[in-house]
Amino acid sequence: MSEIVDYELFEVPPRWLFLRVETADGTVGWGEPVVEGRSKTVRTAVEELFDTYLLGEDAGRIEDHWQTMYRGGFYRGGPVLMSAIAGVDQALWDIKGKQLGVPVYELLGGAARERIRVYQWIGGDRPSDVAEQAREQVDAGFTVLKMNATEEIERVDDPATVDAAATRLREVREAVGDEVGIGVDFHGRVSKPMAKRLVEALEPYDPMFVEEPVLSGHNDALPKIAEHTTTPIATGERMYSRWDFKEVFEDGAVDVIQPDLSHAGGITEVKKIAAMAEAYDVAMAPHCPLGPIALASCLQVDAVSPNAFIQEQSLNIHYNETSDVLDYLADPSVFDYEDGSVQIPDAPGLGIEIDEEHVRAQAEKDVDWHNPVWRHADGSVAEW
């Protein structure tokens, strides 16, 4: 038995929450439980999980702990609880891998790949200068890019708004050619009627996928939207469990799922979601605009998931103005990108070494990130 004896939480810039878990034999595991902009809420949820269920228990019983954290409270699911569970789960897998001297993927059946493609963000929240940024990132070696489709958009907007989105994508396509993939993120900003128009307008420029064309609460609209395009449809960053994904698998409209390893119950749950997706011939591209622990967790699941095809990562993303992914690693070379891909980390546990001294120093700073509240011209709240 490897008893859980201590845990600590660190809010660090730019907008992340790190969890340190220690066992009686001195093994330390790291997790990243956070809802961006709600880190203090998730922090309290993590504390409650440890104080109620985990302290003094055997760290190795990961599946049992997952079931207890999820089902033990009667009310279940949602971003806060599932993100808290996710960070705990990551840390427990990190501990188990370190204690056994193997990377987590060996404990999940062994690697099905040695590396995976990554994509690079361009254009920011309100997409601009996308063609020039696209050239720069392709010159830097990336083979897949992602950009936001549009800024604020009305529920029923004018033709100029649709044309502007299509023009941006056309400019990127002309800048990088046909051998570079371009994902286009609707970010849930777009209503059903505008999503139908936008997917048709973008299709001539061959996006790799269109992401979250409508909010996850409107997933019932995806089959109708899919009728307007042959472009693969992706969604899932705001879906938190197997049960949330059931509908989109069954209706057949989604081609790529994007569960987040820090929101959708961690390694334990996303491994199961990936297997469900494989049965429906759905690809996986885990969502990860987060920190190094979340990315390392994604890569462990990517390693064992035959249907994983690309991995999001947040190096130089527009959110990371004050600190970035590599800053918290003792050895940043673990995430060296080569020819648009990253090697699966093969050190024990999650495969990374956190610079604990740097984490503690950064946690002394005031971290209070919240996403902006956008408004339409009439003063009503817009989707960000």
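These figures come from a predicted structure and were not determined experimentally.
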**Student:** Sequence neighbours excluded and cut-off under 3.5 Å, please list the side-chain donor-acceptor pairs for residues 214-226, or say none.
**Tutor:**
{"from": "S216", "atom 1": "OG", "to": "R238", "atom 2": "O", "distance (Å)": "3.3"}
{"from": "N219", "atom 1": "ND2", "to": "S216", "atom 2": "O", "distance (Å)": "3.2"}

**Student:** Who else is in Y75's hydrophobic cluster (ILVMFWY, side-chain heavy atoms under 4.5 Å, direct or via others)?
**Tutor:**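 Traced through the cluster, Y75 reaches F74.
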**Student:** What's the spacing between K271 NZ and W93 CH2 if we round to 0.5 Å?
**Tutor:** 9.5 Å
**Student:** Just checking, R189 and W374: is the charged tip under 6.0 Å from the six-membered ring centre and within 45° of the axis?
**Tutor:** no
**Student:** Is any side-chain heavy atom of E8 closer than 4.5 Å to a side-chain heavy atom of F18?
**Tutor:** no
**Student:** With a 6.0 Å cut-off on ring centres, are Y328 and W30 close enough?
**Tutor:**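 When the ring centroids of Y328 and W30 are compared, they turn out to be at least 6.0 Å apart.
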**Student:** Decide yes or no for R155 and P193: does some side-chain heavy atom of the first lie under 4.5 Å from some side-chain heavy atom of the second?
**Tutor:** no
**Student:** Taking atom types as modelled, find out whether H263 and E36 have a side-chain donor-acceptor pair closer than 3.5 angstrom.
**Tutor:**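 The answer is yes; a qualifying pair exists.
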**Student:** Is K196 salt-bridged to E200, cutoff N-O under 4.0 Å?
**Tutor:**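 Result for this pair is no, no salt bridge flagged.
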**Student:** Answer whether the closest heavy-atom distance between the side chains of L290 and D260 falls below 4.5 Å.
**Tutor:**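 Yes, close enough: below the 4.5 Å cut-off.
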**Student:** Would you say that E11 contacts W369 through its side chain, given a criterion of any heavy-atom pair below 4.5 Å between the two side chains?
**Tutor:** no
**Student:** Is it the case that the side chain of R173 and the backbone of V180 share a donor-acceptor pair, with hydrogens and angles ignored and the cut-off at 3.5 Å?
**Tutor:** yes
**Student:** Do S2 and Q99 have side-chain atoms, one donor and one acceptor, less than 3.5 Å apart?
**Tutor:**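 Per modelled atom types, S2 and Q99 side chains form a pair under 3.5 Å.
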**Student:** Salt bridge or not between E152 and R126? Use side-chain N to carboxylate O under 4.0 Å.
**Tutor:**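 Yes.
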**Student:** Using the test salt bridge (charged side-chain N to carboxylate O under 4.0 Å, His left out), find all partners of R135 that sit at least two apart in sequence or belong to another chain.
**Tutor:** E132
**Student:** For the pair H187 and W384, name the ring-plane relationship: parallel under 30°, tilted 30 to 60°, perpendicular over 60°.
**Tutor:** perpendicular
**Student:** Output a table of donor-acceptor pairs, distance under 3.5 Å, between side-chain atoms of residues 332-342 and any protein atom two or more places apart or on a different chain; print 'none' if there are none.
**Tutor:**
{"from": "S333", "atom 1": "OG", "to": "D331", "atom 2": "OD1", "distance (Å)": "2.6"}
{"from": "S333", "atom 1": "OG", "to": "D331", "atom 2": "OD2", "distance (Å)": "3.2"}
{"from": "Y337", "atom 1": "OH", "to": "Q313", "atom 2": "OE1", "distance (Å)": "2.9"}

**Student:** Quick check on side chain to side chain donor-acceptor pair (under 3.5 Å): which of E212, E312, E211, E237 does Q258 satisfy it with?
**Tutor:** E211
**Student:** With side chains defined as the heavy atoms from C-beta onward, is the minimum distance between L198 and V162 less than 4.5 Å?
**Tutor:** yes
**Student:** Show every donor-acceptor pair shorter than 3.5 Å between a side-chain atom in residues 302-309 and any protein atom, with sequence neighbours excluded, or say none if there are none.
**Tutor:**
{"from": "S305", "atom 1": "OG", "to": "V301", "atom 2": "O", "distance (Å)": "2.7"}
{"from": "N307", "atom 1": "ND2", "to": "A274", "atom 2": "O", "distance (Å)": "3.1"}
{"from": "N307", "atom 1": "ND2", "to": "V282", "atom 2": "O", "distance (Å)": "3.0"}

**Student:** Is a salt bridge present between R360 and E364, judged by a nitrogen-to-oxygen distance below 4.0 Å?
**Tutor:**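 Looking at R360 and E364, the cut-off is not met.
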**Student:** Ignoring hydrogens and angles, state whether a donor on the side chain of E203 or T230 is under 3.5 Å from an acceptor on the partner side chain.
**Tutor:** yes
**Student:** Output all residues satisfying salt bridge (charged side-chain N to carboxylate O under 4.0 Å, His left out) with K98, sequence neighbours left out; order by chain, then residue number.
**Tutor:** D94
